[in-house]
Amino acid sequence: MNRNRWHMTLRPLRWGLLGLLLLALGCHDEGLLPPEPTGGALFARYVAIGNSITAGYQSGGINATLQQQAYPVLLARAMGTPFNLPLLRDPGCPPPLVNILTGERLGGLPGDFCAYRQVPPPRIINNVAVPGAKVIDVLTNLGEGTSANTLTLLLLGGRTQLEAAAEAHPTFGRSGSATTTCSGPPSPATRRSSRRSVPSSSATRRC
């Protein structure tokens with residue numbers, strides 16, 4: 001009699017444990033997957049290439065707050081896609097102007113002040129734009145005609161914009177008025193071809 005009562009007591013407990021196990025197994029994989037982009041598979045990985053306005057440079061300066069107000073961030077948010085930024089430390093590099101008439105900057109600091117980058121920076125970044133960059137700077141940081149500066153190193157970590165963008169394996173990219181859609185990471189031959197030619201600023205092309 002006691003044995004039957006013991007089995008009757010354990011039976012609900014067994015079913016409860018089995019239900020919890022099934023629930024855990026069903027939720028396990030979903031928790032590891034990134035959210036589905038609302039714009040579809042095309043917008044799974046978005047990368048922005050460019051210069052000042054793309055990077056978030058405003059009022060003669062740039063910092064984390066301004067970087068997060070840049071149009072690529074707003075576009076990525078509308079797409080519902082993850083978007084990593086190489087955020088700078090406050091008050092900025094340089095700090096933005098707070099009074100355009102007097103030239104006063106955030107924190108009362110001079111225009112050559114730089115607070116450098118937040119650490120640790122994300123290895124894969126989606127906004128590779130650098131204030132002051134020219135078209136040639138997308139392909140190289142060295143040589144005659146380039147405009148590489150302190151922000152080039154801080155934001156890209158020694159890479160070119162093209163190299164940093166390729167590491168994100170973009171499915172969709174934006175550069176000024178140019179739109180690029182990619183079916184996958186560029187091949188070595190594509191990279192070599194890209195280094196020999198300067199991309200158009202008003203073209204739509206597929207990788």
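Atom set for the values below is all heavy atoms of this structure, side chains included, hydrogens, waters and symmetry mates excluded.
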Spacing of Ser52 atom OG and Leu66 atom CG [to the nearest 0.5 Å]:
12.0 Å

A side-chain contact here means heavy atoms from C-beta on lying under 4.5 Å apart; do Pro170 and Tyr46 qualify?
no

Exam field: side chain Asn141 to backbone Arg159, donor-acceptor pair closer than 3.5 Å
yes

When you measure from the side chain of Thr171 to the backbone of Leu42, do you find a donor-acceptor pair of N or O atoms at a distance under 3.5 Å?
yes

Any donor-acceptor N/O pair, Arg117 side chain to Leu154 backbone, under 3.5 Å
yes

Is the shortest side-chain heavy-atom distance between Ile62 and Gln67 below 4.5 Å?
yes

Is Ile124 atom CD1 crowded by more than 12 heavy atoms from other residues, nucleotides or ligands, each under 6.0 Å away?
yes

Can you check whether Ala64's main-chain N or O pairs, donor with acceptor, with Gln68's side chain at less than 3.5 Å?
yes

Between the side chain of Asn84 and the main-chain N/O of Pro122, is any donor-acceptor distance below 3.5 Å?
no

Looking only at atom types and distance, does a side-chain atom of Arg105 sit under 3.5 Å from a main-chain N or O of Pro95, one as donor and one as acceptor?
yes

Donor-acceptor pair, Asn99 side chain versus Glu104 backbone, under 3.5 Å?
no

Do the side chains of Tyr57 and Leu97 join up, straight or via other hydrophobic residues, at under 4.5 Å, putting them in one cluster?
no

Keeping Ser59 on the side-chain end and Gly61 on the backbone end, is there a donor-acceptor pair under 3.5 Å?
no

Can you get from Phe83 to Met79 by hopping between Ile, Leu, Val, Met, Phe, Trp and Tyr side chains that sit under 4.5 Å apart?
yes

Would you compute the distance between atom CG of Leu142 and atom CG of Asp137 and round it to the nearest 0.5 angstrom?
10.0 Å

Mark yes or no for whether Asn149, through its side chain, and Pro131, through its backbone, hold a donor-acceptor pair below 3.5 Å.
yes

Calculate, to the nearest 0.5 Å, the distance between atoms CG and CG belonging to Leu87 and Leu155 respectively.
9.5 Å

Distance, nearest 0.5 Å, that separates CG of Asn126 from CZ of Arg45
10.0 Å

Contact check, side chains of Val130 and Leu156, non-hydrogen atoms, under 4.5 Å:
yes

Leu106 with Leu109, same ILVMFWY side-chain cluster at under 4.5 Å:
no

Nearest-0.5 Å distance, CD of residue Glu163 to CG of residue Leu139
9.5 Å

Does any N or O in the side chain of Gln118 come within less than 3.5 Å of the main-chain N or O of Pro86, such that one atom is a donor and the other an acceptor?
no

State yes or no: do Leu151 and Tyr116 share one hydrophobic cluster built from I, L, V, M, F, W and Y residues joined by side-chain heavy-atom distances below 4.5 Å, directly or via other members?
yes

Going by the angle between their ring planes, with limits at 30° and 60°, are Phe172 and Phe43 parallel, tilted or perpendicular?
perpendicular

